[in-house]
Structures are given as C-alpha cells and as structure tokens.
Amino acid sequence: MSWSDPARRFEPAEDVQLRAELRDLLGLGPTVASAPAAPSAELATLANDLRREALRRRRTERKRPSWGLLAAAALPLLAVLAGLGTWGFQQKHRADDLALQTQRQEQELTRMAATHAIEVARERQAKEEVQQQLQLASRQGVGRKTEPYLVIPVEKPLKFQGEDYQRVKAKPQQ
Amino acid sequence: MEQSPQETPFGSEEAFHGAFAELYPRLVSYARRYGATFPEDIAQEAFVILMQREVRVEHPTAFLYGTVRTLSLTERRPMKNQNLSLEAVAEPGLAGGADDQVLNQEVRERMRLLSPTFREALWLFVVEGLSIREIADILGIPEATVKTRIHRAKAQLKDQLNPTGGVHVLV
C-alpha cells in the first residue's frame with residue numbers, strides 16, 4: 001500500500017465508494033494498488049539536493065524576532081504608556097475634585113440666591129402692605145376739607161340738649 | 001509543533017525519498033496542467049518550501065499540491081487567466097506523464113466538458129487520489145464545498161452519459 005493511498009489516511013467508506021463510482025463514470029476502471037517503486041538514484045539525489053537547499057534557506061533566512069525581543073523592544077513604549085496612564089489618571093482625579101468643588105460652590109450660590117430672593121419677596125410684600133395702608137388712609141381722607149389744624153371728629157348727639165348751645169343774644173321781648 | 005532539521009515532513013529519510021519519488025512526477029504533471037512554463041522548477045520549489053518550514057505541516061501532500069497550484073497560477077498571473085483550471089487536460093501535448101497514458105481521449109473529452117471549478121475538484125479527487133480534506137486544504141475552501149463540487153461534477157458526467165434527459169438523483 002502506497003503512503004499516499006487514501007485508505008491510509010482513514011478516508012470514509014462513502015468517499016471511497018464515490019471515487020470508485022466516478023472512476024467508473026469516467027471509464028478509468030478500479031484503482032490498482034501497486035507496490036511502491038524504489039526511488040531511482042536520480043530522484044534520490046534530487047531529493048537530497050532539495051533537502052539541503054531547504055536547510056540552507058532555513059539557516060540563512062531572516063529570523064523573525066522572538067517574543068522576548070519583541071517584549072524588550074516594547075518595554076520603553078509600555079513605560080511611556082504607563083506614565084501617560086498614571087498622569088492621565090491623576091489629571092482625571094484632579095478634574096473630578098475640581099468639578100465636585102465647583103458643583104458645591106454652585107449649590108451654595110443657588111441656596112444663597114434662593115434665600116435672598118425670599119427676603120426680597122418678603123420685603124416687597126411688606127412694602128406693598130404699607131402702600132396699601134397708605135392708599136386706604138388717603139382714600140378715607142378724600143372729600144374732607146383739609147384743615148391746617150388737628151381735627152378731632154366728634155359724634156353728634158341724636159337730639160339737642162339745652163346745655164349744648166349758648167345764647168348770645170337776649171330773647172327779644174314782645 | 002516544531003520540526004527538527006534532521007526530520008522530514010514525511011518522517012524518516014527513507015519515507016521522504018519514497019514520497020518524493022511518488023509525488024514529484026505527479027506534481028510536475030499537475031503544474032504542467034496549469035500551463036506552467038517550468039513545471040519541474042515549481043514542483044522542486046514546492047518541496048523546498050515544505051521542508052523549509054520549521055513548523056510541521058499536518059497534510060504535506062495537500063501542502064505540496066496547494067503550493068504547486070499557487071506557484072503555477074502566480075507564474076500565469078500576467079496572462080490574467082487564473083480562472084482557467086486544468087484546461088490542459090484536453091490537450092494531450094501539454095500534459096505528458098503517466099496520467100496521460102491512463103486517460104484516453106474519451107475521458108479527456110468528458111473532463112473537458114465539465115465546468116472548470118468542478119473539473120478541478122474531480123481531478124484531485126479521482127485522478128490524484130486525494131481526500132476531501134486535502135482538496136479543501138489545496139483549494140482553500142470548506143470540505144462541504146469540495147463535496148458539493150464533486151457531486152455536481154458527477155451529475156454533469158451522468159448528464160453527458162445520458163444526454164436524452166433521463167432522471168437521475170444527485171447523491
């Protein structure tokens with residue numbers, strides 16, 4: 001059995017059968033397993049020459065850099081990247097702190113603004129009340145003759161009493 | 001898995017010589033079928049490339065066939081005819097060798113009538129005796145695609161044998 005015989009490569013039976021059918025369709029006939037012929041001297045020499053050439057190429061070919069060499073080459077780059085990463089982390093931490101501080105200041109300002117706004121509103125309301133009282137007071141004073149002196153309003157009695165008036169002239173005699 | 005310089009892809013030195021004696025003429029013939037100008041050089045280069053590899057190749061036969069195919073197509077690249085595959089099968093003068101003595105005119109005509117894609121898979125499977133897995137490695141396609149191509153080639157061959165239009169089942 002030849003080394004390249006498909007049966008040696010554990011080919012499935014269905015593939016072997018398919019090959020046989022196809023050979024039949026092509027009119028090739030069944031495969032005859034022939035004994036491997038001994039390699040001729042020329043072919044053996046050629047094989048050795050090719051093998052030597054392959055070994056020579058393998059020795060002289062430019063080797064790919066190993067993993068260790070690649071790691072060593074990448075070390076400075078990794079150090080720079082690590083430094084940049086640390087610096088960036090610190091900057092980010094600092095920026096976060098500043099942002100938090102700014103936020104707190106903003107909240108404080110907002111709170112103070114709200115307090116002031118309440119006070120202003122309260123004062124405004126008090127002022128409006130005073131103005132309303134003044135307006136009311138001035139409205140009550142409309143139609144009266146303003147006197148240059150103090151007038152104390154007195155309620156008039158319902159009926160005249162004798163003592164309430166003074167006779168200034170004697171009663172004419174008839 | 002690495003391969004020591006003393007070790008060959010085929011095992012011992014004797015096994016390598018035996019494999020070389022059997023494969024080399026087939027690879028030369030295979031390269032010639034692709035229209036290579038220097039098929040011997042291509043076959044030898046394929047062996048050198050295989051043995052040059054430090055990592056062991058799982059399927060050396062498929063690797064050799066694939067390398068010969070690639071080198072042959074690369075040689076033909078300026079001709080922009082890469083879509084043609086094994087067109088030399090129908091031209092007895094181009095592909096001399098043991099296989100041409102096996103393939104008579106009728107077989108060549110049947111192969112020629114197949115579409116190039118199916119012909120390539122059929123050739124590797126039937127004439128070169130490679131497994132589905134090896135053909136998939138050579139052509140760089142899934143095994144299922146190889147099987148499909150072979151089955152379609154079989155259907156086309158049946159059509160050739162039964163041109164009147166008999167019913168056949170694609171198995």
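Per chain, numbering begins at 1; letters A, B, ... match sequence-line order. These numbers come from a predicted model, not from an experiment.
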Quick one: are A/Leu18 and B/Lys147 in side-chain contact, heavy atoms under 4.5 Å? no
What closest approach, in Å, do A/Leu26 and B/Arg110 show between heavy atoms, and which atom pair accounts for it? C-NH1, 3.3 Å
Within the supplied structure, the quantity of interest is the number of heavy atoms (other residues, nucleotides, ligands) at a distance under 6.0 Å from A/Glu106 CD; does it exceed 12? no
Has A/Arg23 got a side-chain atom pairing as donor or acceptor with B/Val126's backbone, closer than 3.5 angstrom? yes
According to a hydrophobic-cluster definition based on side-chain heavy atoms being under 4.5 Å apart (Ile, Leu, Val, Met, Phe, Trp, Tyr only), do B/Leu27 and B/Phe38 belong together? no
Rounded to the nearest 0.5 Å, what's the gap from NZ on B/Lys154 to CG on A/Asp24? Could you check? 10.5 Å
When rounded to the nearest 0.5 Å, the distance separating CG of A/Leu22 from CH2 of B/Trp123 is 13.5 Å
Heavy-atom distance under 4.5 Å to chain B: side chain of A/Glu42, backbone, both or neither? neither
First locate atom CD1 of B/Ile150, then atom CZ of A/Arg19, and finally report the distance between them rounded to the nearest 0.5 Å. 8.0 Å
Are there more than 12 heavy atoms of other residues, nucleotides or ligands under 6.0 Å from atom CD of B/Glu14? no
Under a 4.5 Å side-chain heavy-atom rule over Ile, Leu, Val, Met, Phe, Trp and Tyr, are B/Phe118 and B/Ile132 clustered together? no
How many angstroms lie between CD in A/Glu21 and NZ in B/Lys158, if you round to the nearest 0.5 Å? 6.5 Å
Using non-hydrogen atoms and a 4.5 Å limit, figure out which bit of B/Phe125 sits close to chain A: side chain, backbone, both or neither. both
Examine B/Leu73 and B/Val28 and state if one hydrophobic cluster contains both, with Ile, Leu, Val, Met, Phe, Trp and Tyr joined whenever side-chain heavy atoms are less than 4.5 Å apart. yes
Are more than 12 heavy atoms from other residues, nucleotides or ligands located less than 6.0 Å from atom CD of A/Gln91? yes
Using side chain to side chain contact (heavy atoms under 4.5 Å, CB included), reason through A/Leu46 and B/Phe47 one step at a time and then give a plain yes or no. CA-CA 11 Å; A/Leu46 181 59; B/Phe47 270 101; over 6 Å; no
Student check: side-chain heavy atoms of B/His17 and A/Leu43 closer than 4.5 Å: no
SB check A/Arg58 B/Glu54 (cutoff 4.0 Å): no
Once rounded to the nearest 0.5 Å, what's the spacing between atom CZ of A/Arg51 and atom CG of B/Leu50? 11.5 Å
Can B/Arg133 and A/Glu11 be counted as an ion pair, charged N to O under 4.0 angstrom? no
Just wondering, do A/Asp49 and B/Gln44 contact through their side chains at under 4.5 Å, heavy atoms? no
When rounded to the nearest 0.5 Å, the distance separating CD of B/Gln160 from CG of A/Leu25 is 9.5 Å
